[in-house]
Chemist: 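My questions will all concern the structure given below.
These values consider heavy atoms only, across backbone and side chains, with no hydrogens, waters or symmetry-generated copies. Owing to the predicted nature of the structure, the values given are computational and were not obtained by experimental measurement.
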Amino acid sequence: MAEREGGRLEDRLVLVFSTLRMSDGVWLATLAYLSGGVTRPIRYAILLHLGSVSLLASYRTRVKLAVWHSLLVVAIRNLIDARLINSTEPPALAGLGSPDERLGIFIVVLWLVAISTSTLSAVNERELRRRRGDLEALTSLAEQIERTDDSSSVARTLLDAAVASFEFP
């Protein structure tokens, strides 16, 4: 029974996390629209949101969030193009390329942030696992040296540990 309750709690937490993540995306997309589009400084908040959630969540969550943000900014652009909502983009940005070009550049940057964060996170996790293995080997060596009686057995224990740790023949 406790196992099922724990599973339900975990499912609820995942649901809450997903709902908050999606509502954050809607909120940021709304702010981007109200402040003048994704060419305004609010775009950094969207990238920061993606990067921070990417560091805390799994790889699948990172990809889902990047897709979600991409869909939201494209949806806003399509609503503006269909004249269902008014453009809030300042006229001063008209010389910096078309709105579609600026949107495309932003989406490319968004995906670069998602991919680079995922890659660096994977490298970090691998390095942490390797360091943990090194620490366990060092702890084991210290325990073996504690149990030895003379200097020749300490040297032999140290040699055996080095051969085992570094996989020497």
Chemist: Looking at V73 and F106, what are the two nearest heavy atoms and their distance?
Modeler: CG1-CE2, 4.1 Å

Chemist: When you compare the side chains of D160 and T157, does any donor N or O come within less than 3.5 Å of an acceptor on the partner?
Modeler: no

Chemist: Kindly compute the distance separating CG (L158) from OG (S151), expressed to the nearest 0.5 Å.
Modeler: 12.0 Å

Chemist: Does N78 reach the side chain of V74, with side-chain heavy atoms less than 4.5 Å apart?
Modeler: yes

Chemist: Less than 3.5 Å apart, which donor and acceptor atoms pair up between the side chains of residues 113-122 and the rest of the protein, not counting sequence neighbours?
Modeler:
unit_1, atom_1, unit_2, atom_2, d
S116, OG, L112, O, 2.8
S116, OG, V113, O, 3.2
T117, OG1, V113, O, 2.6
S118, OG, A114, O, 2.9
T119, OG1, I115, O, 2.8
S121, OG, R62, NH2, 3.1

Chemist: Going by the side chain to side chain contact (heavy atoms under 4.5 Å, CB included) test, name the single residue among I46, L47, L50 that passes it with L28.
Modeler: I46

Chemist: Any non-hydrogen side-chain atom of L159 less than 4.5 Å from a side-chain atom of R156?
Modeler: yes

Chemist: Same cluster for L71 and I42 if Ile/Leu/Val/Met/Phe/Trp/Tyr side chains link at under 4.5 Å?
Modeler: yes

Chemist: Side chains of T19 and M22: closer than 4.5 Å at any heavy-atom pair?
Modeler: no

Chemist: In this structure, would L48 and I105 fall into the same cluster of hydrophobic residues linked by side-chain contacts under 4.5 Å?
Modeler: no

Chemist: Please assess T139 against E136 for the test side chain to side chain contact (heavy atoms under 4.5 Å, CB included), listing each intermediate value before the final yes or no.
Modeler: CA-CA 5 Å; T139 303; E136 288 172 356; 5.6 Å; no

Chemist: According to ring pair (Phe, Tyr, Trp, His ring centres under 6.0 Å), does anything in residues 60-79 pair up with another residue at least two apart or in another chain? List the pairs.
Modeler: H49-H69

Chemist: Among I107, L103, L65, which residue meets the side chain to side chain contact (heavy atoms under 4.5 Å, CB included) test with S70?
Modeler: I107

Chemist: If you round to the nearest 0.5 Å, how far is CZ of R132 from CD of E127?
Modeler: 14.5 Å

Chemist: For E146, look at atom CD and say whether over 12 heavy atoms of other residues, nucleotides or ligands are found less than 6.0 Å away.
Modeler: no

Chemist: Can you name the nearest heavy-atom pair linking A66 to L110, along with the distance?
Modeler: O-CD2, 3.4 Å

Chemist: Which heavy atom of L141 sits nearest a heavy atom of A161, and at what distance?
Modeler: CD1-CB, 3.5 Å

Chemist: Answer whether the closest heavy-atom distance between the side chains of L72 and W27 falls below 4.5 Å.
Modeler: no

Chemist: Side-chain contact, heavy-atom cut-off 4.5 Å: D134 with L138?
Modeler: no

Chemist: What is the distance from atom CD of E143 to atom CD1 of I145, rounded to the nearest 0.5 Å?
Modeler: 11.0 Å

Chemist: Are V63 and V109 in one and the same hydrophobic cluster, where Ile, Leu, Val, Met, Phe, Trp and Tyr link if side-chain heavy atoms are under 4.5 Å apart?
Modeler: yes

Chemist: Taking atom CD of Q144 and atom CZ of R147, what is their separation to the nearest 0.5 Å?
Modeler: 6.5 Å

